[in-house]
Amino acid sequence: MGERKKRDEVPPQPFKPEAPTVILSPSAEFPPLGEEELTVLRQVGQEWGPRLRGPQPRLDALPLDPALGARPGPPAPSRFGRFAPVEMFQAAPPDQLVATRPAAEPESRAGRATRRIRRLLLGPPLASAAVVQERMRKLVGLPVLSSDLLSSVAYGPEAMMAVLVLAGAAALGLSLPLSALLIVMMLTIGASYRQTIAAYPHGAGSYIVACDNLGRLPGLTAGASLMMDYILTVSVSVSAGVHATTSALPHLDPYRVPLGLLVIAILLIGNLRGVRAAGYLFAAPTYAFLLAIGLVLAVGLAQAAGRGFARLPPPPVAPVEGVGLLLLLRALSSGATSMTGIEAVSNAVPAFRPVEWRNARTALTWMIGMLVVAFAGTVLMFYLNGIVPRPEETMLSQLARQALSAGPLYAYVQVATTVILLLAANTAFNDFPRLLFFLARDCHAPRNFLHMGDRLAFSNGIIALAVAAAALYVMFGGRTVSLIPLYAVGVFLAFTLSQAGMVVHWRRRRGEPRWRRKLVVNAAGAVLSGVVLVTAAVGKFAEGAWVVVIAVPVVVLLCLRIRRHYDTVARALALHPQARETPPDRPPAPSVTGVNPGSGEPETADSPQEVGHLVVVPLARLDLAALRALAYAASLGQPMFAVHISPDDEEDDRFRNQWETWGNHLRLEIIVSPYRTIIPPLARYVEALHALRPDITLTVVLPEVVVRRPWHRLLHSRTPRRLRTALRHVPGIVVASVPVHVRE
């Protein structure tokens, strides 16, 4: 208690939303070293210097130019077609080699066939420098992130009235005050997330806010709830859209599972094409649905005004239960499903163009405004036109039929509604990969989810969502009605934790102007979200909400196990004074017999003394494994240098600074891979070195993390094995690995 009190008494620093945002860049795959590790790295470097001086041959006496600038003759024949390996790399300042697009292409025949299919479906790969251009304008971001939220107008009001009608047609009048309460909730939670965007301009959904303010377990609980919600969003939205299609075309009902999988495949391909491409692809259906809703409401209001806003009598409905508090709370929680997807913008702030947080808040404001107008308008029209839920036709369809008759405009409304229901899953395809990115960044998910694909989208996360949703869809035969009850439970659990976290956030920043007002807004959002959460969990527990009680802890436990493994690996690879790796003292080794690049004299290899050697050490991070590989390579007594594959200039600069901290004892070559591939450029570079000096034996020494359990291998790359496969057809190249065994 004393420690907390002391912390709270520290005057908080005012928050400046104009601070630069953190872009989700390709360099996120390469975590920087901490201050303690940099200190140890500097000390280790100081010990390397004396050991590299002495009677032994100089390790930097290289028989060729690692920058590929010294080519004594025409390049050796290459299996890569008209592009010789040397020509696949271009020099760029400062001291960079940039891998061209051919260098990033796969080598095998199957890989080239897969590449052609990818190019056909997804388009050409985008360079890492295009990550800024791939960000969205507000008019593009709005349909990308709002399809789930706005499509809820097609089923949210009907879900609320379907509960009220259990008390008879007379109880439908309660839809107006309940809708007013829901609108207050929409505005309150919307205002709360506007504050979240301003407080976390780098992008923060429920997971980050809860982790930052409530702790790891609440944060993982919010993250697990959102993961379930996103998977359900895809499966339920696709199921609803396919059901709408098969209702209009009953002969397609036997094919509902293939139709649903086809829709998921289309969403998968569309989102793998990149954020901006997906925005342009899915913008038209979202705006078409908004136009359809606006048309129905405008015509309906004009007709109601013509009769003096007199209510048409609803058909008689026999009550099956009385009006009570439980019924009202169930109706409220059912109508609250219209708010699913409201947190999407706060997760995707870095996807907007500068100023990111301002554009995100503007887009969220538009979304909330359109949701309130559409929700209030549809509920009012249902009430004025005496429309009641019917199993054979949706309430929105009944309203459109009354307003527009059964003509082309009615067909347009139905088609737009069906398409938006199918595409409502697109919001999940945007936010689920970003949530996995943040989880992977904190080592709670496999680090493969940090990787950006060919089109600068988090392709691994997108594929994972599609696979999970497709499996769920197939498991329930395309009828996911039984999963809808736990739909609201997961998302409002995340809402509640997020808003509670923001309350703690403002308490810690009491020095900021108007912090009390902001705290009250977030507290109101937390209370209202909590009410819906408790109501949905209690009222729908027996209908399926119990699944959340099991699934969320299971996902949290899995995340904790993954984090524990990564922590074990981090401790094993961390630089600390007791685990320094330096080259051993070694006797003089025979010098390398080589050819002066300008002399043209041949080199013979009739004896071991006449074999020329060059050792190449690829490094991703200067940790204990890297220093162990460098020490082993230096102990061989042969010329050597290190190479680092960087996805962009940001990671290039960071690694160079770490190399300088170590002492710059060896030659370092940086290869920028703008298309974010590792193995193909590295294999092409090694082959380019071989093309310069075919008489030299190249030894590639790789650090390798060896884990104990089979499932742990899924959490690590297979770089040594893949590089051996890529280079096995090239003579004169040896690939060796220096293992670091991690025991748990």
Side-chain angles (χ1 to χ4, degrees), residues 20 22 25-54 58-62 66-67 92-98 128 441 443 447 450 566-567 569-585 615-636 639-673 678 682 685 700-705 717 719 738 740:
V22 178
S25 66
S27 61
E29 288 190 77
F30 302 86
L33 297 176
E35 291 297 329
E36 182 179 351
E37 288 185 296
L38 289 174
T39 301
V40 175
L41 183 65
R42 187 178 295 108
Q43 296 171 355
V44 172
Q46 292 172 356
E47 297 181 11
W48 267 70
R51 292 174 180 267
L52 293 181
R53 294 190 293 268
R58 288 179 56 85
L59 300 181
D60 55 357
L62 304 178
D95 300 329
Q96 276 184 352
L97 283 178
V98 178
S128 298
R441 186 193 61 180
C443 299
R447 296 190 63 83
L450 295 173
Y566 279 132
D567 285 346
V569 174
R571 286 192 297 269
L573 301 183
L575 298 174
H576 50 87
Q578 290 75 29
R580 299 183 181 180
E581 292 292 337
T582 57
D585 296 325
V615 181
V616 182
V617 186
L619 300 175
R621 191 172 186 264
L622 279 177
D623 52 15
L624 182 65
L627 292 184
R628 186 168 295 179
L630 288 172
Y632 170 80
S635 71
L636 301 178
M640 62 175 290
F641 71 97
V643 61
H644 176 66
I645 308 294
S646 172
D648 54 20
D649 291 338
E650 178 184 348
E651 168 59 20
D652 181 344
D653 296 337
R654 184 163 59 191
F655 194 86
R656 286 184 190 276
N657 291 335
Q658 294 175 1
W659 192 260
E660 292 290 339
T661 301
W662 175 65
N664 197 20
H665 297 293
L666 298 170
R667 171 73 178 263
L668 172 67
E669 196 66 39
I670 297 284
I671 299 176
V672 175
S673 177
I678 300 296
L682 182 57
Y685 176 69
V700 182
V701 177
L702 289 164
E704 182 178 8
V705 176
S717 65
T719 299
V738 179
V740 177

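Quick note: numbers below take in every heavy atom, side chains included, and nothing from hydrogens, waters or symmetry partners. Starting from 1, each residue takes its place in the sequence as its number. These figures come from a predicted structure and were not determined experimentally.
In this structure Val705 satisfies the side-chain contact (heavy atoms from CB on, under 4.5 Å) test together with Val569, Leu573, Val707, His716, Val742, sequence neighbours excluded. In this structure, the side-chain contact (heavy atoms from CB on, under 4.5 Å) partners of Asp567, at least two apart in sequence or on a different chain, are Arg563, Arg571. With sequence neighbours excluded, the residues that form a side-chain contact (heavy atoms from CB on, under 4.5 Å) with Ala626 are Leu619, Leu622, Asp623. Annotation: side-chain contact (heavy atoms from CB on, under 4.5 Å) contacts of Asp653 (sequence neighbours excluded): none. Arg656 pairs by the salt bridge (Lys or Arg N to Asp or Glu O under 4.0 Å) definition with Asp652, not counting sequence neighbours. Evaluation of the salt bridge (Lys or Arg N to Asp or Glu O under 4.0 Å) rule for Glu704 yields no partner, not counting sequence neighbours. Shown here are the side chain to side chain donor-acceptor pair (under 3.5 Å) partners of Arg42, two or more places apart in sequence or in another chain: there are none.
When all heavy atoms are compared, the tightest approach of Tyr566 to Arg447 is OH-N, 3.1 Å. Considering all non-hydrogen atoms of both residues, Pro66 and Glu669 come closest at CB-OE1, 3.7 Å. In terms of heavy atoms, Val701 sits closest to Pro618 at O-CD, 3.2 Å. Residues Glu37 and Ala574 come closest through the heavy atom pair OE2-CA, 3.5 Å. The shortest non-hydrogen separation linking Met640 to Ala633 is CE-CB, 3.6 Å. Taking every heavy atom of both residues into account, Ile670 and Ser646 meet most closely at CG2-CB, 4.4 Å.
Without hydrogens or angle criteria, Asn657 side chain to Glu660 main chain gives no donor-acceptor distance under 3.5 Å. Not one N or O on the side chain of Tyr632 forms a donor-acceptor pair closer than 3.5 Å with the backbone of Pro703.
Atom CG of residue Asn664 and atom CG of residue Leu668 lie 7.5 Å apart, to the nearest 0.5 angstrom. Atom-to-atom distance recorded for Gln43:CD and Leu38:CG is 11.5 Å, nearest 0.5 angstrom.
Classified by interplanar angle (parallel below 30°, tilted 30° to 60°, perpendicular above 60°), the ring pair Trp662/Trp659 is tilted. The aromatic rings of His644 and Phe655 sit parallel, their planes meeting at an angle under 30°, below the 60° perpendicular limit.
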Give the intermediate values and the outcome of side chain to side chain contact (heavy atoms under 4.5 Å, CB included) for residues Val616 and Phe641.
CA-CA 5 Å; Val616 182; Phe641 71 97; 3.7 Å; yes
